[in-house]
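Written out below as structure tokens is the structure these notes cover.
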Amino acid sequence: MHFSHILPLLLAVPALAGSPTGGYTPGQVDCPDGSLVRPADSLNPKEADFVQKRHEVARPALIDWLNRANLSDFSADQFLSNSTIPIAIAFSGGGYRAMLAGAGEFSALDNRTANSTNQHHMGGLVQAATYFAGLSGGNWLLGSIVMNNFTSIPELQGSSDVWDLSHSILNPGGINVFSTASYWDDIADDVKSKKKAGFNTSITDIWGRALSHQFFNLSNGGPALTFDDVVNYDVFQNHEMPFPIVVSDGRAPGTTVISTNSTVFELTPYELGSWDPTIYAFTQIKYLGTQVQNGKPVNGTCIAGFDNAGFTIGTSSTLFNQFILQINSTGVSGVVYDLATDILDDIGKKSDDIAIYDPNPFFKVDTVTNGITTNSVLNLVDGGEDNENIPLVPLIQPERKLDVVFAFDNSADTTYNWPNGSSLVASFQRQFGNESNNTIFPYVPDTNTFINNGYTKRPTFFGCNATNLTSLFNDSQSTQDHFVPPLIIYIANFAHSYFSNTSTFKMSYETDEVAGMIENGYNVVTQQNGTIDSDWPACVGCAIIKRELDRRGQSPTDQCQQCFDKYCWDSAVDNQAVNISGENFAPTLSVANHTSSASVATAGSVFTTSLYVICAVGALFLFA
Ligand SMILES: *[C@@H]1O[C@H](CO)[C@@H](O)[C@H](O)[C@H]1NC(C)=O
Ligand SMILES: *[C@@H]1O[C@H](CO)[C@@H](O)[C@H](O)[C@H]1NC(C)=O
Ligand SMILES: *[C@@H]1O[C@H](CO)[C@@H](O)[C@H](O)[C@H]1NC(C)=O
Ligand SMILES: *[C@@H]1O[C@H](CO)[C@@H](O)[C@H](O)[C@H]1NC(C)=O
Ligand SMILES: *[C@@H]1O[C@H](CO)[C@@H](O)[C@H](O)[C@H]1NC(C)=O
Ligand SMILES: *[C@@H]1O[C@H](CO)[C@@H](O)[C@H](O)[C@H]1NC(C)=O
Ligand SMILES: *[C@@H]1O[C@H](CO)[C@@H](O)[C@H](O)[C@H]1NC(C)=O
Ligand SMILES: *[C@@H]1O[C@H](CO)[C@@H](O)[C@H](O)[C@H]1NC(C)=O
Ligand SMILES: *[C@@H]1O[C@H](CO)[C@@H](O)[C@H](O)[C@H]1NC(C)=O
Ligand SMILES: *[C@@H]1O[C@H](CO)[C@@H](O)[C@H](O)[C@H]1NC(C)=O
Ligand SMILES: *[C@@H]1O[C@H](CO)[C@@H](O)[C@H](O)[C@H]1NC(C)=O
Ligand SMILES: CC(=O)N[C@H]1CO[C@H](CO)[C@@H](O)[C@@H]1O
């Protein structure tokens, strides 16, 4: 893609209240009336109100999109004459790879991207979607878009102030060590002042500040910008943007979590909390940092500014403990190796790879009693730690009533950093654990089948047949009234025009690498602008209307039936061991990359130089 004709720059962060101290440190504010906590037995009323109004904006956008998708024997105006279809878009984690592949995917669905509404392109679904969710690297993407006034990918890519990824986040001054030093100095000052004001800090504070410098178009990365500021943006108040959701996991120090026993937290501009039975409560995100008991401020004073925008982005992406697992592949040796392992090991042992929410907003809540609610501190970690690397838990909740979810999987599950469906497998398995609170997730096959049957090479729909899902419904609920979980449009990272399987730990990208990743993501979503299948947009349209067709008792058109035959998982399984040397893992590029010479990325090279800086930062944090 070429960006010589960049749209007028809308990339500006609206002027806002932010933290009451005007800086990174949270400060005192008046308390609102009532409890700061509510049980998770319904949608937040403000979210419900947003969604209702969003639907009025999204309905004409979806009609336009469906008209462009050119479904045969179908009238979008008639079908959507009295309602719209709730759509969500979810972006997986995976460091900058996930952020950039996700950026290409997002740009393909966003009608603000030039040419994206051409025939066989897919632009306009962002405008038609009700929700979008991000986790870890996927949330670096979401946070960059949302906090910069719901900006677009061409604007981020064309900006000289944000997304400058050619310098490592850890070493932004490059060879100019002084400029790097003053950057770390600013960050250390911010975090120290939060600590001095009496707040417990963790390495996530440093991480969040560093991420802010790269992602937010404000001087020093906007230290006072908070996540709840979004509700004051015009684009939010006019319901021009989907409702954003960030996913993070709860984890007690020194423990590990898997999908069936993790507590999945979500952060929205209104709330932080979980639908899971271990918490089953939400707290007002604006007043995080307030000392509470069962949601009541203990001494009549409240805190604001704790939900710093960078801190929430850092919370979802605390992947430091993953660095240590990578260290042997970096080629680092000798004294540096010893120092790096010592420091990373120390962070790991102290379980410091967490975001500390102290005081615990759920302290002694009356909904449930367990280790999380009796602890004075709430610890949150990377949303992908339970292997559910696509943020789907918030999107299958019956209260959100979604019909279809785009699940963008930019995970690195295999040796060559491609996904193999394990995130969906984890989401499927979760429903059989105690933590799912009876949410349903459609059937998916094992990870070998994902590879062997090509479900990671081309898009695949899961849960097409709602009748088939009845075997997952809990006996105590009548099948008739049961919420049918959304149909999942699974789209995995795959090489079309660029080898987008870069390492999660690649810490800097040159401009042409950024462009290559983004263009490839665009090709993934549009199936090479319809070259692979000119019916692809129509097939996505069929998937979008499927649940509503079912509710109305209508059969799909011939075209839609053909689409379902082609893209719905048909229960086929081929679980024999995968051939890792085959096309699945070392594909050949099938279309030209318009940026420049693409090459298979290797882990390590950039990471190696960054290690010195990690050491410095770790030392700064742990021993200061
Ligand atoms: C599809 O269109 C996009 C944007 O218009 C372009 O960057 C990309 O190269 C095209 N892909 C193919 C396979 O032509
Ligand atoms: C945010 O974007 C909207 C357009 O979507 C624009 O009208 C508004 O002026 C922008 N706000 C700022 C502060 O740039
Ligand atoms: C994108 O879609 C929105 C909502 O339908 C519409 O108002 C806007 O004009 C479209 N923009 C472009 C560039 O097509
Ligand atoms: C829509 O599809 C029909 C065939 O079903 C085709 O003849 C027509 O050219 C298509 N129109 C557009 C704008 O894609
Ligand atoms: C909307 O219209 C369709 C037919 O056009 C009908 O089947 C459906 O019940 C209507 N829904 C509501 C909520 O009125
Ligand atoms: C959009 O299409 C026009 C005409 O084909 C082309 O000149 C332009 O470069 C394209 N823009 C992008 C961003 O792909
Ligand atoms: C979750 O399950 C895993 C595997 O059984 C176990 O190792 C871990 O300790 C459990 N974590 C919690 C918090 O229960
Ligand atoms: C009560 O509020 C004051 C500030 O007014 C604060 O310093 C103190 O720590 C609070 N006490 C408790 C128990 O939260
Ligand atoms: C790295 O290699 C060292 C020495 O061979 C070994 O002790 C250590 O366990 C390895 N670390 C990882 C994470 O594999
Ligand atoms: C849907 O699933 C049900 C139950 O498994 C099955 O009887 C039916 O044939 C399926 N329908 C289609 C169209 O595959
Ligand atoms: C639905 O499909 C899954 C996967 O093929 C199968 O295990 C299950 O038994 C089916 N359920 C029904 C009700 O047929
Ligand atoms: C649908 C469902 O099972 N909801 C339960 C979720 O967890 C809470 C707390 O344990 C229960 O009160 C709900 O009934």
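Here the structure is a predicted model, which is why all the values come from computation and not from measurement. Start at 1 and go down the list; that is how both ligands and their atoms are numbered.
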Less than 3.5 Å apart, N/O on ligand 11 and N/O on the protein: could you list those pairs with the distances?
{"from": "ligand 11", "atom 1": "2 (O)", "to": "N468", "atom 2": "OD1", "distance (Å)": "3.1"}
{"from": "ligand 11", "atom 1": "2 (O)", "to": "N468", "atom 2": "ND2", "distance (Å)": "2.3"}
{"from": "ligand 11", "atom 1": "5 (O)", "to": "S571", "atom 2": "OG", "distance (Å)": "2.7"}
{"from": "ligand 11", "atom 1": "11 (N)", "to": "N468", "atom 2": "O", "distance (Å)": "3.2"}
{"from": "ligand 11", "atom 1": "11 (N)", "to": "N468", "atom 2": "ND2", "distance (Å)": "3.0"}
{"from": "ligand 11", "atom 1": "11 (N)", "to": "S471", "atom 2": "OG", "distance (Å)": "3.0"}

Carboxylate-amine/guanidinium contact D64 R68, below 4.0 Å: no
Residues that Y287 engages under side chain to side chain donor-acceptor pair (under 3.5 Å), provided they are two or more places apart: none
Ligand 12 to N438 polar contact by distance, N or O atoms, under 3.5 Å: yes
Under the side chain to side chain donor-acceptor pair (under 3.5 Å) test, residues paired with E47 that sit two or more places apart: Y131, R400
All salt bridge (charged side-chain N to carboxylate O under 4.0 Å, His left out) counterparts of D535, not counting sequence neighbours: none
M517 side, atom CE; E105 side, atom CD - distance, nearest 0.5 Å: 9.0 Å
Sub-4.0 Å atoms of ligand 6 with respect to non-hydrogen atoms of A114: 13 (C)
Distance-only N or O hit between ligand 12 and W275, under 3.5 Å: no
Lys/Arg-Asp/Glu bridge criterion (N-O < 4.0 Å) met for R112, D110: yes
Sole candidate of F428, Y567, F450, Y443 that passes ring pair (Phe, Tyr, Trp, His ring centres under 6.0 Å) when paired with F462: F450
